[in-house]
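For reference, the structure is listed below as structure tokens.
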Amino acid sequence: MTDAKPLIAGNWKMNGLRAEAVALAEATAAAAASDACEVAVFPPFTALDAVAGALAGSPVALGGQDCHEAEAGAHTSCISAAMLADLGCRYVILGHSERRHGRRETSETVRDKARAAFRAGLTPIVCVGETRAQRIRGLGDEAVVDQVFGSVPHAEGPIMLAYEPVWAIGTGKTATVEEIAGMHDILGGVLEALERDCEGSPILYGGSVTPDNAAEILAVEGVGGLLVGGASLDAQAFGEIIRAAG
Ligand code: 13P
């Protein structure tokens, strides 16, 4: 773990109508009393405003799950970074594998979105990760390094990376501490090549994080926090993960 406070981030994905989202936000805020870490939640767009209200006065930060690369205009269905900032967001997740692979989003688009996030004053959390097929063929490191070089703008604005091996997302198959340490070491080197101060650019891990493995993963050299999917929908489990950081 780096010297900076770790970020424990909950990506709620496409889950939660407003009432459920507000209840989850309130329970998360109650569990986030520790000042040993930063906590952020990423509700669906439709619940952002309601969750912002529920989190008012709490230390839990808010983020969007994506944004468009343009500032405004004729982009039916899309959400701009400025719209997220207007709702009180501090962060935006970009390039999640469910968009890279599910929606065919390219690294170039992710980089344009990161620039849009900087313009709106948001910190992008850029996700990278290899597929199972890439890993089996020994191409995992190369795939992830290519994603970072393609998606992260050169030395502009604060950024976070999230290493999320695609084969570990929602599968219950967490990467081993050795695998996480190895990839975080590689990613630290890539950030340096992009002239980024690594202390100021935390690298999170995501992929089947649970209360049982959170402390062990947070103890890995170079891990600056966790991006949690399924377990962040259960306030008790997410609270245990938050406590693992303290
Ligand atoms: P799970 O924690 O459900 O594996 O999801 C991880 C993830 O995709 C977070 O962005």
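Here the structure is a predicted model, which means the values were calculated and not measured.
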Honestly curious: do Val128 and Val190 fall in one hydrophobic cluster under the side-chain, below-4.5 Å linking rule? yes
Is the shortest side-chain heavy-atom distance between Ser232 and Val41 below 4.5 Å? no
Would you check if Leu227 and Ile93 make a side-chain contact, meaning some heavy-atom pair closer than 4.5 Å? yes
Atom pair OG (Ser151) and CD (Glu108), whose distance is rounded to the nearest 0.5 Å: 10.0 Å
Of all pairs that satisfy salt bridge (charged side-chain N to carboxylate O under 4.0 Å, His left out), the ones with a partner from residues 231-246, not counting sequence neighbours: none
Less than 4.5 Å apart, side chain to side chain, heavy atoms only: is that true for Leu94 and Cys67? yes
Would you sort out whether Arg132 and Val166 count as a side-chain contact (heavy atoms from CB on, under 4.5 Å), showing the intermediate values? CA-CA 7 Å; Arg132 180 187 303 279; Val166 179; over 6 Å; no
If Ile, Leu, Val, Met, Phe, Trp and Tyr residues are connected whenever their side-chain heavy atoms lie under 4.5 Å apart, and connections chain through other members, are Val145 and Leu204 in the same group? no
Applying salt bridge (charged side-chain N to carboxylate O under 4.0 Å, His left out), which residue pairs with at least one partner in residues 71-90 are found, sequence neighbours left out? Glu71-Arg119
Go through the structure and list residues passing side-chain contact (heavy atoms from CB on, under 4.5 Å) with Thr46, not counting sequence neighbours. Pro44
Residues two or more places apart in sequence or in another chain: which of them pass side chain to side chain donor-acceptor pair (under 3.5 Å) with Tyr91? none
Evaluate the side-chain proximity of Leu24 to Asn15: yes if any heavy-atom separation is below 4.5 Å, no if none is. no
same_hphob_cluster(Val152, Leu122) at 4.5 Å side-chain heavy-atom cutoff: yes
Give the C-alpha distance, both sets of side-chain angles, the deciding distance and a yes or no for side-chain contact (heavy atoms from CB on, under 4.5 Å) between Ile186 and Val144. CA-CA 9 Å; Ile186 292 171; Val144 172; over 6 Å; no
Measuring only between side-chain heavy atoms, which start at C-beta, is Thr131 closer than 4.5 Å to His101? yes
Flag side-chain contact, heavy atom, 4.5 Å: Ser97 against Ile169: yes
To the nearest 0.5 Å, tell me how far Ile203 CD1 sits from Leu187 CG. 5.0 Å
Decide yes or no for Leu84 and Phe45: does some side-chain heavy atom of the first lie under 4.5 Å from some side-chain heavy atom of the second? yes
Once rounded to the nearest 0.5 Å, what's the spacing between atom CD of Glu130 and atom CD of Gln147? 8.5 Å
From CG (Leu226) to CG (Asn11), nearest 0.5 Å: 13.0 Å
Going hydrophobic residue to hydrophobic residue with side-chain gaps under 4.5 angstrom, can you get from Leu139 over to Ile136? no
Write out all pairs satisfying salt bridge (charged side-chain N to carboxylate O under 4.0 Å, His left out) with one or both partners inside residues 16-26, taking only residues at least two apart or from two chains. none
Ignoring hydrogens, what is the shortest heavy-atom contact between Cys37 and Ile8? Give both atom names and the distance. SG-CG1, 3.9 Å
With sequence neighbours excluded, what pairs up with His75 under the ring-ring contact (aromatic ring centres under 6.0 Å, His included) test? His68
Quick one: salt bridge (charged side-chain N to carboxylate O under 4.0 Å, His left out) pairs with a partner in residues 163-187, sequence neighbours left out? Arg135-Glu179
Hey, any chance Val228 and Val92 share a hydrophobic cluster, counting ILVMFWY side chains that come within less than 4.5 Å of each other, even indirectly? yes
For Pro153, all residues meeting side-chain contact (heavy atoms from CB on, under 4.5 Å), sequence neighbours excluded: Arg111, Ala114, Arg115, Phe118, Glu156, Ile159
Any ring pair (Phe, Tyr, Trp, His ring centres under 6.0 Å) pairs touching residues 226-246, not counting sequence neighbours? none
Applying side-chain contact (heavy atoms from CB on, under 4.5 Å), name anything that partners Ala21, two or more places apart in sequence or on another chain. Trp12, Ala47, Val51
Would Arg100 and Ser107 count as a side-chain contact (heavy atoms from CB on, under 4.5 Å) here? Give the steps. CA-CA 8 Å; Arg100 287 183 188 271; Ser107 288; 3.0 Å; yes
What pairs with Thr174 under side-chain contact (heavy atoms from CB on, under 4.5 Å), at least two apart in sequence or on another chain? Tyr205, Ser208, Asn213, Ile217
Between Ala235 and Ala27 the two heavy atoms that sit nearest each other are CB-CB, 3.4 Å
Can you list, pair by pair, the side-chain donor-acceptor contacts under 3.5 Å of residues 53-66, counting residues two or more places apart and other chains?
unit_1 : atom_1 : unit_2 : atom_2 : d
Ser58  : OG     : Leu55  : O      : 3.1
Ser58  : OG     : Val60  : N      : 3.0
Gln65  : NE2    : Lys13  : O      : 2.9
Gln65  : NE2    : Phe42  : O      : 2.9
Gln65  : NE2    : Pro43  : O      : 3.3
Asp66  : OD1    : Lys113 : NZ     : 3.0
Asp66  : OD2    : Arg99  : NE     : 3.2
Asp66  : OD2    : Lys113 : NZ     : 3.1

